[in-house]
Amino acid sequence: METRMRFAPSPTGALHIGGGHTALFNWLWTRHTGGKFVLRVEDTDRERSTQEYEETIMSGMRWLGLDWDEGPDVGGEYGPYRQSQRLELYRQCADRLVSEGQAYQEGDAVVFKVFPGVELSFDDVVYGRVETMSDGLKDRRESGELKDIVLIKSDGMPTYNYAVVVDDHFMEITHVIRGEDHISNTPKQLLLYKAFGWQPPFFAHLPMILGKDKKKLSKRHGATSVYEFRDMGYMSDSVFNFLALLGWSAGEDKEIFSREEAARLFELSRVTRKAAVFDPNKLNFINQEHLKRMPPMARLALIKPFWEETGLPVKEHGDEYLAAALTLMGGRGQTAKELSAFSDYYVSFEPVKARWNASEVPEELRVGLREFFLGLLAEPEWVADKLEARARAWVEKKGVKMKDYAMTLRLALTGMKVSPGVFDVAALLGRDEARRRLEFYKLV
Ligand code: GLU
């Protein structure tokens, strides 16, 4: 049996963390099972749905690397893939229920008659057995009678619970993977499957995502749309990796993986129902791990715009040099933003001047420093180990501590107390640039 999954967003806003998470789990299960992934746009709320939001959601999915096999843009055998283009089908199916006496007209609306005593239990792949009867459906009327289910509203639009059943059936969806807030809708949908005599799909509801304060994730917790993470300098690989770990684990403490690895390891039955906590520190950690593993030129392409944004003269340098600088930075920085800020001194001397003014250098040290720096600048071979060997020989001869001298050199070159090995930094900056910086501070 070929598996078929769908992500069914309403185009009434950007792609949020919750939506991205749902789309991602559908994608994982699709790629794990070798099935098809359908993008269906649930745009029946004509007032709030826009073409723009539809595009934003699609580009958010693309950014996360979640490609789909069928959808409004790529088409497919089960289209159209926008609910607003399927009104005829909803009408026909509703007519069928009316002609069978299972539904009735109420003005321009079509309403499904709910009877008590209908068994609506199901085995959720994640949540396990959910026991319900039609008697237990919410919205009982004041009279104590069961409230019937509106299928088509008087404006001609189908309701969510109705359209979703018709579409999942005709699109031959095998697994409905969605947020746990839809568990309560499932019995209603099962009732409609029963009425039509259709086989329902498997249901797998995903755990809720909470903020660190254990409250449902919302704007209060900071960034919520997938794009905000991109703009803050998180990589798509990391956000993907992070979202995959919300409610699922690859086992064996494997936390860092690619999309392909995740798809191979993914098991729907291993998704937990325990609410998942969105921990920004965890995202930072994961992002740092991916950042470390990036090839130099890819890292450069990621960091450049962040340098440019802060006005650094990126174009004055060659890519080889800038990529080498980032390689030298090693695993420093958890996000592109951080890494770009930590490495600004390779691009320009200006931020160094803004951070450090040499006023703290003790007068009595200046003579020694001068000798030390002049010695370094005289090194014929401007490479890190030669510089370091020369520095060591000098401090040993003088019987002074390397720390004081190396730290002043570091501050003069980077304006920071922490950096990669200072002789590596000096070597990469080049003799002329190192001299220029030391001269500016009147250290030579
Ligand atoms: N359009 C619905 C939503 O965005 C889809 C729910 C479902 O997957 O059934 O919540």
Side-chain angles (χ1 to χ4, degrees), residues 3-30 35-51 53-58 60-61 64 66 68 70-72 78 80-87 90 120 122 124-127 130 138 149-151 153 157-193 196 198 200-209 216-218 224-226 243 247 268 271:
T3 56
R4 292 178 55 80
M5 274 58 68
R6 86 309 192 267
F7 176 52
S10 303
T12 54
L15 183 64
H16 288 277
I17 290 302
H21 182 250
T22 300
L24 189 145
F25 277 53
N26 275 285
W27 184 91
L28 283 173
W29 189 237
T30 306
K36 290 283 184 303
F37 184 30
V38 178
L39 174 61
R40 182 174 74 225
V41 176
E42 306 213 323
D43 59 348
T44 53
D45 183 339
R46 300 312 291 156
E47 247 138 62
R48 293 172 57 227
S49 302
T50 70
Q51 182 67 31
Y53 282 136
E54 179 182 313
E55 269 148 33
T56 314
I57 290 170
M58 291 205 276
M61 288 174 71
L64 279 174
L66 310 176
W68 51 97
E70 299 168 28
Y78 298 80
Y81 292 92
R82 284 188 195 97
Q83 289 189 327
S84 60
Q85 295 166 343
R86 300 171 64 82
L87 302 183
Y90 307 133
L120 300 174
F122 64 101
D124 190 279
V125 180
V126 175
Y127 280 77
V130 180
K138 283 198 199 133
I149 300 172
V150 176
L151 304 180
K153 294 176 282 182
M157 283 294 160
T159 55
Y160 157 67
N161 278 308
Y162 172 59
V164 84
V165 167
V166 172
D167 288 344
D168 286 339
H169 171 72
F170 284 103
M171 292 183 177
E172 296 183 30
I173 299 303
T174 59
H175 296 71
V176 165
I177 303 169
R178 61 187 173 193
E180 60 90 56
D181 47 327
H182 287 291
I183 290 186
S184 59
N185 287 320
T186 310
K188 267 186 205 162
Q189 295 171 13
L190 283 170
L191 188 59
L192 299 177
Y193 278 101
F196 282 116
W198 295 337
F202 290 106
F203 291 98
H205 287 92
L206 304 174
M208 201 185 327
I209 302 173
K216 204 174 150 83
L217 199 66
S218 75
T224 53
S225 98
V226 165
L243 289 178
L268 204 45
V271 173

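Note that the structure is a prediction, hence the values are computed from the model and not measured. As the structure lists them, so they are numbered: ligands from 1, and atoms in each ligand from 1.
Between the side chains of Q189 and N161, a donor-acceptor pair is found at a separation under 3.5 Å. Under 3.5 Å, the side chains of D167 and Y90 contain a donor-acceptor pair of N or O atoms.
Scanning all protein heavy atoms for the shortest distance to atom 10 (O) of ligand 1 gives H182 NE2, 2.9 Å. Protein heavy atom nearest atom 8 (O) of ligand 1, with residue, atom name and distance: R6 NH1, 2.7 Å. The closest protein non-hydrogen atom to atom 9 (O) of ligand 1 is Y160 OH, 2.6 Å. Atom 4 (O) of ligand 1 has its closest protein heavy atom at A8 O, 3.5 Å.
Here is the list of ligand 1 atoms found below 4.0 Å of a heavy atom in V164: 9 (O). Taking every heavy atom of S10 and a limit of under 4.0 angstrom, the matching atoms of ligand 1 come to 1 (N), 4 (O). In summary, the atoms of ligand 1 found under 4.0 Å from a heavy atom of R178, numbered by their order in the structure, are 7 (C), 8 (O), 9 (O). The distance from ligand 1 to the heavy atoms of E42 drops below 4.0 Å at these ligand atoms: 1 (N), 2 (C), 5 (C).
Across T22, T186, N185, a single residue satisfies side chain to side chain donor-acceptor pair (under 3.5 Å) together with R178, and that is T186. Only one option out of H21, M5, H175 pairs with N26 in a side-chain contact (heavy atoms from CB on, under 4.5 Å); it is M5.
Aromatic pair H182/Y160: ring centres closer than 6.0 Å.
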Practice prompt. For the pair L217 and H16, evaluate side chain to side chain contact (heavy atoms under 4.5 Å, CB included) and give the outcome as yes or no after the intermediate values.
Written response: CA-CA 10 Å; L217 199 66; H16 288 277; over 6 Å; no
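Using the six-membered ring where Trp is involved, W198 and H169 have ring planes that are parallel, under 30° apart on the 30 and 60° scheme.
Heavy-atom separations between F7 and ligand 1 are all 4.0 Å or longer.
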